[in-house]
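One structure below.
Each ligand, and each atom within it, is numbered from 1 in the order the structure gives. One-based numbering along the sequence shown.
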Amino acid sequence: MAEETKINILKELTDKLEKERDLTDEEFKLMLESDEPEFVEYLTSKARKVREEYYGKDVYLRGLIEFSNYCKNNCIYCGIRRDNKNVERYRLTEEEILSCADLGYDLGFRTIVLQGGEDMYFSDEIMVSLIKKIKEKHPDIALTLSIGEREKESYRKMFEAGADRYLLRHETADREHYEMLHPAEMSFEHRMNCLKDLKEIGYQVGCGMMLGSPYQKTEHLIKDLRFLKEFEPEMVGVGPFIPHHDTPFASFEAGGLDITIKILAMVRLILPKVLLPATTALGTIDPFGREKGLMAGANVIMPNLSPTDVRGKYLLYDNKICTGDEAAECIRCMAARVEKTGYKVVQTRGDHFGFKKQ
Ligand code: SAM
Ligand code: FES
């Protein structure tokens with residue numbers, strides 16, 4: 001196919017995706033496997049236009065507290081997997097978590113994210129007490145949880161205690177691929193059921209996948225995009241896979257910048273109102289990765305609020321950025337970086353467009 005004809009087709013497909021929020025498998029495949037700069041510029045400018053229709057120039061900040069790196073799971077790609085005996089394990093105390101949340105509040109964060117491995121020390125009772133304490137002290141924040149798979153009753157108790165949102169990446173929408181990334185004891189069905197449970201309970205839900213993960217094919221990405229369209233999550237977390245030297249996937253290549261940028265833009269066109277972070281992993285594979293993500297339709301940044309002495313122990317992958325800076329420094333740095341893109345950091349909860357608190 002002549003270059004010019006191909007670019008025209010790709011532009012038409014971009015317009016079709018914007019209008020219909022869907023394409024045939026062949027059309028998705030062509031977009032996913034094309035990297036002509038003129039097409040990518042067209043796609044990302046459409047994604048910016050759509051994000052600005054709903055969110056203007058605003059970028060929402062989420063203060064991330066990585067409160068435990070203990071994990072009962074053994075996800076093959078993950079640096080803090082159970083079998084990695086070289087990790088120095090830590091668990092923040094309730095006081096430490098509360099003081100991180102206070103610091104975040106003082107720095108202007110109006111969403112706090114509690115993320116950790118699946119650490120059974122944090123029982124429902126402990127989580128409920130923690131959530132209530134944070135929400136009593138700071139009723140105007142949104143509280144997001146990212147603590148993996150639990151039973152529906154547990155999700156419900158935490159929601160009733162005041163948690164607002166939940167991030168649980170589906171990792172891949174293809175069962176066989178899921179089984180290549182996880183040990184046999186983990187179940188694709190259970191993960192997908194957890195997402196359904198979270199939605200039924202009333203959380204604003206986030207799912208998502210790693211890009212360029214081992215054995216990933218274009219067909220898997222097409223399934224991911226179809227799953228996102230059908231599930232309609234409020235948030236989508238996508239970032240490149242990056243190898244960790246102490247995992248069985250140590251010798252695999254990291255996912256690329258180009259595919260991440262394209263998927264961000266396509267997700268924005270499929271789910272125009274979605275909350276879409278430019279992730280730390282994206283900032284790790286490219287020094288301006290997060291800025292490039294914002295220019296491709298992302299509208300959320302998640303600076304780290306964890307105490308500096310534990311940052312270096314929550315390493316999901318190698319060369320993770322921002323492991324040394326104080327939280328105040330992170331927020332200053334991010335605000336300056338965001339401003340250079342023409343967008344601006346705002347101090348609000350940053351709920352999904354149209355969300356009404358019950
Ligand atoms: N335990 C919770 C869970 O499973 O959802 C939250 C923590 S888990 C470390 C958060 C996310 O990190 C995972 O969903 C996965 O997509 C991402 N992650 C883990 N290892 C990674 C790697 N090597 N490269 C990029 N992302 C990774
Ligand atoms: Fe549990 Fe990664 S294996 S957080």
Side-chain angles (χ1 to χ4, degrees), residues 62 64-85 87 89-91 113-122 127 144-150 154-155 158 165-173 177-178 180-183 185-188 190-192 194-195 197-198 203 205-216 220 224 233 235-257 259-260 263 277-286 289 302 304 306 311 313-321:
R62 317 310 197 189
L64 182 65
I65 306 175
E66 298 157 335
F67 68 98
S68 170
N69 70 353
Y70 282 90
C71 189
K72 72 174 169 62
N73 284 339
N74 221 2
C75 302
I76 303 173
Y77 44 82
C78 183
I80 60 169
R81 64 199 299 269
R82 180 181 75 218
D83 278 359
N84 185 1
K85 304 295 179 222
V87 177
R89 303 285 168 175
Y90 73 90
R91 181 180 283 141
V113 183
L114 296 181
Q115 189 183 83
E118 290 195 20
D119 179 357
M120 295 339 281
Y121 169 84
F122 287 95
M127 286 310 299
T144 304
L145 301 177
S146 175
I147 53 174
E149 297 176 34
R150 294 201 170 212
S154 167
Y155 287 149
M158 296 189 291
R165 308 188 190 126
Y166 205 103
L167 303 175
L168 184 74
R169 288 184 175 183
H170 63 284
E171 312 297 359
T172 169
H177 186 217
Y178 184 91
M180 290 170 158
L181 300 178
H182 299 92
E185 75 219 29
M186 290 181 74
S187 136
F188 177 70
H190 192 254
R191 198 149 187 102
M192 289 302 199
C194 284
L195 283 168
D197 290 344
L198 289 162
Y203 284 94
V205 180
C207 54
M209 60 280 183
M210 287 177 293
L211 301 172
S213 60
Y215 314 111
Q216 188 174 61
H220 301 144
D224 285 322
M235 307 172 279
V236 171
V238 289
F241 157 78
I242 305 175
H244 184 289
H245 62 279
D246 280 326
T247 64
F249 288 156
S251 59
F252 279 81
E253 258 181 54
L257 176 71
I259 186 66
T260 309
I263 291 277
T279 61
T280 306
L282 183 53
T284 298
I285 59 160
D286 183 289
M302 300 173 74
N304 204 320
S306 311
R311 299 251 187 114
K313 299 176 191 162
Y314 197 88
L315 299 180
L316 311 176
Y317 46 80
D318 291 339
N319 306 317
K320 186 177 172 196
I321 53 168

Working to the nearest 0.5 Å, report the span between CD of Glu171 and CE of Met192.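 It is 10.0 Å, given to the nearest 0.5 Å.
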Roughly how far, to the nearest 0.5 Å, is CE of Met209 from NE2 of His220?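 Rounded to the nearest 0.5 Å, the NE2-CE separation comes to 12.5 Å.
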Test applied, ring-ring contact (aromatic ring centres under 6.0 Å, His included); reference residue, Phe252; option that passes from Tyr77, Phe241, Tyr215: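 Only one of Tyr77, Phe241, Tyr215 forms a ring-ring contact (aromatic ring centres under 6.0 Å, His included) with Phe252, namely Tyr215.
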Test item: [X] and [Y] side chains (from C-beta on) under 4.5 Å apart, heavy atoms:
X: Tyr317; Y: Pro240; result: no
X: Met180; Y: Ser213; result: no
X: Gln115; Y: Met302; result: no
X: Asn319; Y: Ile242; result: no
X: Asp83; Y: Thr247; result: no

For the residue pair Asp224 and His170, confirm or rule out a side-chain donor-acceptor distance under 3.5 Å.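 Yes.
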Every residue of the protein that comes under 4.0 Å of ligand 1, judged on heavy atoms: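 Near ligand 1, by chain and number: Tyr77, Cys78, Gln115, Gly116, Gly117, Ser146, Gly148, Leu168, Arg169, Glu171, Arg191, Met210, Pro240, Phe241, Ile242, Tyr314, Leu316, Tyr317.
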Mind checking how many protein N/O/S atoms fall short of 2.8 Å from atom 2 (Fe) of ligand 2?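 Counting protein N, O and S atoms closer than 2.8 Å to atom 2 (Fe) of ligand 2 gives 1.
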